[in-house]
J.: 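Once you've had a glance at the structure underneath, I'll fire off some questions.
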Amino acid sequence: MLDLKRLREDPDSVRAGALKKCFPDRAAAVDRVLELDARVRELLPRIEGMRAEQKQAGKQLGKLQGAEREAHLEGQKALKADLQALEQEEKQLQLELRSQLLLVPNLPDPEVPEGEDDTANVEVRRIGEAPAFDFEPKAHDDLALARGWLDVERAADMAGSRNYLLFGDLVLLQDAVLRLAIDHLVSKGFIAVDPPLLVRDKIMEGTGFFPGGEEQTYRCPEDGLNLIGTAEVPVTSIHAGEILDEAQLPRRYVARSMCFRREAGTYGKDTKGLYRVHQFQKVEQVIVDVADEARSREHHEAITRNSEEVLEMLGLPYRVVAVAGGDLGVPQAFKYDIECWMPSREAFGETHSASRFYDYQARRLNIRYRPEGGKKPLHCHTLNNTVLASPRILIPLLEVHQQADGTVRVPEALRPYLGGREVL
RNA sequence: GGUGGGAUGGCAGAGCGGCUGAAUGCGACGGUCUUGAAAACCGUUGAUGGGUCAAACCAUCCGGGGGUUCGAAUCCCUCUCCCACCGCCA
């Protein structure tokens with residue numbers, strides 16, 4: 001969430017930010033927050049004054065005896081009743097204030113492209129060439145089906161649409177590519193994490209997915225738990241409520257996890273193949289560091305590069321785009337998507353998403369650090385990026401490296417993970 | 001699932017219902033000493049909100065929520081988590 005002080009001092013830019021992100025109703029939350037805040041600030045001094053009085057008088061009461069004590073007691077009881085009424089009102093206001101504040105989106109950075117949706121995204125760079133085939137290339141699912149690597153019909157029978165069964169070498173390939181991704185990040189000093197996949201509501205709220213993302217989430221209300229849609233959620237929350245030493249920062253984590261998404265409201269969209277599915281595996285990188293915008297920006301470039309390096313090792317052509325305001329989520333300040341070339345689509349398809357948040361998530365999760373010199377704790381900055389998500393990455397991997405006979409070339413970097421095999 | 005014990009400041013760990021925002025130790029920070037460092041010694045050191053140019057000052061916070069009381073870290077209820085043992089089971 002945003003700093004209430006900042007919102008108080010500069011509501012216009014917060015409102016403008018929400019509009020740039022195409023959240024008009026959330027821009028309205030800004031006004032609700034201001035109104036509630038004003039009422040709290042009017043009420044609070046009165047309550048504090050009364051409490052001070054109660055405290056003082058109470059201390060004297062402890063020393064009094066007899067009739068004097070009785071008289072005093074009456075006054076205290078009356079004060080208590082008045083105070084309780086005001087406190088009740090204040091509590092209500094604070095609850096409402098917080099829930100409205102949670103709705104206010106993070107401010108988009110100035111360089112976020114204007115625009116309503118992903119058609120306004122701006123290409124930053126393009127690496128690699130779309131492959132030219134001297135035969136009729138297959139789509140990944142047709143290829144996989146022909147090789148007995150994929151079955152969507154039986155998967156749908158047991159689990160509904162947008163599910164899949166993978167078999168044989170494709171399973172091994174998937175494992176290889178995920179492991180390559182982890183190893184690459186570990187070699188850069190990231191700490192490998194295996195996080196919980198079911199998390200509490202407040203963790204979903206802390207990372208900015210709730211309120212708003214409930215529809216996209218598989219929920220277990222009996223237990224108050226939710227299946228994560230990305231390891232960003234548990235990993236960013238590792239240090240929730242803590243005050244870290246500056247010397248411990250930055251924290252760099254890389255997590256491999258299963259991810260679950262309901263994909264509500266996407267009926268009929270991307271129904272073919274393995275592009276949009278309900279469960280998938282993802283290797284995700286997360287950084288928690290000091291509250292320094294310049295450093296956040298450096299980290300953002302670095303984590304984007306990390307993922308690009310993996311794509312380059314895999315021999316996949318891709319481009320990086322700066323995501324437009326209307327395509328940004330509530331908590332992000334800026335986001336790069338990496339899109340891989342997918343021959344069957346004759347287009348780039350999103351495979352990665354690198355975001356920086358500044359202190360927006362850290363404020364919600366209350367992740368702080370103590371700056372060198374023992375000064376006041378500050379809220380950290382957080383960032384994250386996909387390293388690799390499968391089965392989506394299998395789309396370009398199969399399609400780009402396919403051969404005329406239906407086999408698939410294994411990129412050199414992957415061979416050690418597949419027993420040295422050059423072709424699948 | 002059952003029973004018992006526990007949750008206090010960055011960490012460890014005390015705490016008769018009013019004199020406790022909290023002893024003590026560690027750590028951190030500042031200083032003395034030293035060529036420099038270590039050790040030793042002295043001092044400072046919780047968070048949040050309000051307030052102030054900055055202070056002073058005021059309020060709140062002892063796992064979360066609720067209650068008893070004029071007054072709660074301290075008593076009661078409840079939830080969560082941790083630890084131990086029993087039962088059950090991958």
Side-chain angles (χ1 to χ4, degrees), chain A residues 1-9 33-34 36-102 194-206 210 220-226 234 237-251 258 288-291 359 362-380:
Chain A
M1 71 192 135
L2 290 179
D3 185 0
L4 186 54
K5 273 185 211 149
R6 169 164 196 184
L7 204 152
R8 208 136 63 196
E9 283 159 14
V33 167
L34 290 175
L36 289 162
D37 180 51
R39 285 171 62 193
V40 167
R41 287 162 66 81
E42 185 259 328
L43 199 55
L44 212 52
R46 284 167 61 200
I47 291 178
E48 289 187 353
M50 284 167 79
R51 275 206 276 245
E53 189 187 334
Q54 184 188 53
K55 219 169 154 178
Q56 282 306 112
K59 276 181 187 169
Q60 287 175 23
L61 184 68
K63 297 169 191 150
L64 297 176
Q65 289 183 356
E68 211 179 356
R69 182 187 161 87
E70 290 305 315
H72 213 85
L73 235 159
E74 286 309 309
Q76 285 292 89
K77 283 185 179 174
L79 182 61
K80 182 189 177 183
D82 292 347
L83 186 55
Q84 275 183 336
L86 289 183
E87 280 176 336
Q88 200 56 39
E89 191 184 337
E90 190 229 336
K91 209 168 92 188
Q92 209 50 46
L93 286 174
Q94 295 281 20
L95 279 176
E96 222 178 310
L97 178 61
R98 182 180 160 80
S99 71
Q100 289 298 317
L101 194 54
L102 285 177
D194 183 5
L197 308 184
L198 279 163
V199 300
R200 295 181 196 286
D201 292 341
K202 70 171 181 192
I203 298 299
M204 297 298 289
E205 183 183 295
F210 290 178
C220 308
E222 307 85 347
D223 301 295
L225 295 172
N226 307 277
S237 304
I238 288 174
H239 298 292
E242 295 182 18
I243 300 176
L244 301 159
D245 289 332
E246 181 167 357
Q248 299 176 271
L249 296 172
R251 312 290 306 205
M258 210 73 222
V288 179
D289 200 3
V290 294
D359 62 0
R363 256 176 213 288
R364 286 174 168 237
L365 289 165
N366 201 21
I367 307 170
R368 291 175 292 172
Y369 72 99
R370 196 178 296 281
E372 302 284 2
K375 294 196 282 281
K376 289 266 179 205
L378 299 172
H379 289 279
C380 291

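For clarity, every value in this text was computed on a predicted model and none was experimentally measured. A, B, ... follow the sequence lines: proteins, then strands. Residue 1 opens every chain.
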J.: B:rC62 and B:rU8: how far apart are their C1' atoms, nearest whole angstrom?
T.: 4 Å
J.: Under 4.0 Å from OP1 or OP2 of B:rG50: is there any side-chain N or O of A:Arg8 that close?
T.: yes
J.: Take atom CD of A:Glu372 and atom P of B:rG27, then tell me their distance rounded to the nearest Å.
T.: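 The answer, rounded to whole Å, is 17 Å.
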J.: Quick check: does any side chain N or O of A:Asp3 sit under 3.5 Å from a backbone N or O of A:Lys5, one acting as donor and the other as acceptor?
T.: yes
J.: Do A:Gln94 and A:Glu90 have side-chain atoms, one donor and one acceptor, less than 3.5 Å apart?
T.: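 A:Glu90 and A:Gln94 do have a side-chain donor-acceptor pair below 3.5 Å.
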J.: Let's go through A:Val288 and A:Ile238 carefully: what are the C-alpha distance in whole Å and the side-chain angles of both, what is the deciding distance for side chain to side chain contact (heavy atoms under 4.5 Å, CB included) to 0.1 Å, and is it a yes or a no?
T.: CA-CA 10 Å; A:Val288 179; A:Ile238 288 174; over 6 Å; no
J.: In Watson-Crick or G-U wobble terms, both distances under 3.5 Å, what is the partner of B:rA55?
T.: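 The answer is none; no pair meets the criterion.
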J.: Mind calculating the distance between CZ (A:Arg98) and P (B:rG65) to the nearest angstrom?
T.: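 Checked: the CZ to P distance equals 12 Å.
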J.: Pair A:Glu205, A:Arg98 - check salt bridge (charged side-chain N to carboxylate O under 4.0 Å, His left out), show working.
T.: CA-CA 12 Å; A:Glu205 183 183 295; A:Arg98 182 180 160 80; 2.9 Å; yes
J.: Both distances below 3.5 Å, Watson-Crick or wobble geometry, any strand: find the nucleotide opposite B:rG17.
T.: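 Its partner: none found.
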J.: Counting only side-chain N and O atoms of A:Arg41, is one of them less than 4.0 Å from OP1 or OP2 of B:rG51?
T.: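 Yes, such a contact exists.
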J.: Check if the side chain of A:Glu48 and the base of B:rG49 share a donor-acceptor pair of N or O atoms closer than 3.5 Å.
T.: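 Between B:rG49 and A:Glu48, which were checked side chain against base, a qualifying N/O pair under 3.5 Å is present.
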J.: Please figure out whether A:Ala52 or A:Arg368 has its closest RNA chain B nucleotide nearer the 5' end.
T.: A:Arg368
J.: Hey, does A:Lys77 reach any base, or is it just sugar-phosphate, or nothing, if we go heavy atoms under 4.0 Å?
T.: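 Touches sugar-phosphate only.
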J.: Write down the distance separating the C1' atoms in B:rU44 and B:rC53, rounded off to the nearest Å.
T.: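 Comparing C1' positions in B:rU44 and B:rC53 gives a spacing of 24 Å.
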J.: If we take the P atom in both B:rG21 and B:rA72, what is their distance in whole Å?
T.: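 Comparing P positions in B:rG21 and B:rA72 gives a spacing of 12 Å.
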J.: Specify the separation, in whole Å, of atom CZ of A:Arg200 and atom P of B:rG63.
T.: 17 Å
J.: Could you tell me the separation between the NE2 atom of A:His239 and the C1' atom of B:rG10, rounded to a whole number of Å?
T.: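 From A:His239 NE2 to B:rG10 C1': 14 Å.
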J.: Considering Watson-Crick and G-U wobble pairs with both distances under 3.5 Å, what does B:rG36 pair with?
T.: none
J.: Between C1' on B:rG10 and CD1 on A:Ile243, what's the gap in Å once rounded to a whole number?
T.: 7 Å
J.: With P as the reference atom in both, quote the distance from B:rC82 to B:rC77 in angstrom, rounded to an integer.
T.: 23 Å
J.: If pairing requires Watson-Crick or G-U wobble contacts with both distances under 3.5 Å, which nucleotide is the partner of B:rA22?
T.: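 Base partner found: none.
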J.: If each of A:Asp245 and A:Gln84 is mapped to the nucleotide of RNA chain B with the nearest heavy atom, which maps nearer the 5' terminus, i.e. the 5' end?
T.: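 Looking at the nearest nucleotide for each, A:Asp245 comes out on the 5' side.
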J.: Which value, in whole Å, describes the distance between the C1' atoms of nucleotides B:rU69 and B:rG30?
T.: 45 Å
J.: Picking from B:rC81, B:rG10, B:rG49, which would you name as closest to the side chain of A:Lys5?
T.: B:rG49
J.: In whole angstroms, how far is the P atom of B:rA47 from the CD1 atom of A:Ile367?
T.: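 Going from A:Ile367 (CD1) to B:rA47 (P), I get 19 Å.
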J.: For side chain to side chain contact (heavy atoms under 4.5 Å, CB included), just list the numbers for A:Arg363 and A:Leu2, CA-CA rounded to whole Å, side-chain angles, deciding distance to a tenth of an Å, and then say yes or no.
T.: CA-CA 7 Å; A:Arg363 256 176 213 288; A:Leu2 290 179; 5.8 Å; no
J.: Go ahead and name the base partner of B:rG87; Watson-Crick or wobble counts if both distances stay under 3.5 Å, otherwise write none.
T.: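 When the pairing criteria are applied, nothing turns out to pair with B:rG87, so the answer is none.
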J.: Determine the Euclidean distance between corresponding P atoms of B:rC76 and B:rC58; express it in Å to zero decimal places.
T.: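 To the nearest whole Å, 32 Å.
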J.: Which nucleotide wins on minimum distance to the side chain of A:Lys376, given the candidates B:rC70, B:rG49, B:rU48?
T.: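 Selected nucleotide (nearest to the side chain): B:rU48.
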J.: Paired with B:rA7 by Watson-Crick or G-U wobble geometry, both distances under 3.5 Å: which nucleotide is it?
T.: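 Matched B:rA7 with B:rU80 under the 3.5 Å cut-off.
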J.: From C-beta outward on A:Arg51, which listed nucleotide comes closest to its side chain: B:rG71, B:rU80, B:rA59?
T.: B:rA59
J.: To the nearest Å, give me how far apart CG (A:Leu44) and P (B:rU60) are.
T.: 11 Å
J.: Given the C1' atoms of B:rA28 and B:rA12, what is the spacing between them in whole Å?
T.: 15 Å
J.: Touch check for A:Pro45, heavy atoms < 4.0 angstrom, all strands: base, sugar-phosphate only, or nothing?
T.: nothing
J.: May I ask you to evaluate whether A:Arg370 reaches the phosphate of B:rC29, defined as a side-chain N or O under 4.0 Å from OP1 or OP2?
T.: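 For B:rC29, neither OP1 nor OP2 has a side-chain N or O of A:Arg370 closer than 4.0 Å.
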J.: Which whole-number value in Å describes the distance from A:Glu87 CD to B:rG67 C1'?
T.: 14 Å
J.: Using every non-hydrogen atom in the two residues, find where A:Tyr369 and A:Ala291 come nearest and quote the distance to one decimal.
T.: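 Taking A:Tyr369 first and A:Ala291 second, the nearest heavy atoms are OH-N, 3.2 Å.
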J.: What closest approach, in Å, do A:Arg8 and A:Leu34 show between heavy atoms, and which atom pair accounts for it?
T.: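 Distance-wise, the nearest heavy atoms are CA-CD2, 4.1 Å.
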J.: Considering every strand shown, what is the Watson-Crick or G-U wobble mate of B:rG43 when both distances are under 3.5 Å?
T.: B:rC29
J.: What nucleotide, of B:rG66, B:rC58, B:rG10, holds the atom closest to the side chain of A:Lys91?
T.: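 Closest nucleotide among those given: B:rG66.
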J.: Could you give the distance separating B:rG15 and B:rU20 at their C1' atoms, to the nearest angstrom?
T.: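 Roughly 8 Å separates the two C1' atoms.
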J.: For A:Pro196 versus A:Pro234, what's the shortest heavy-atom pair and its separation?
T.: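 Scanning both residues completely, I find the closest heavy atoms to be O-CG, 3.5 Å.
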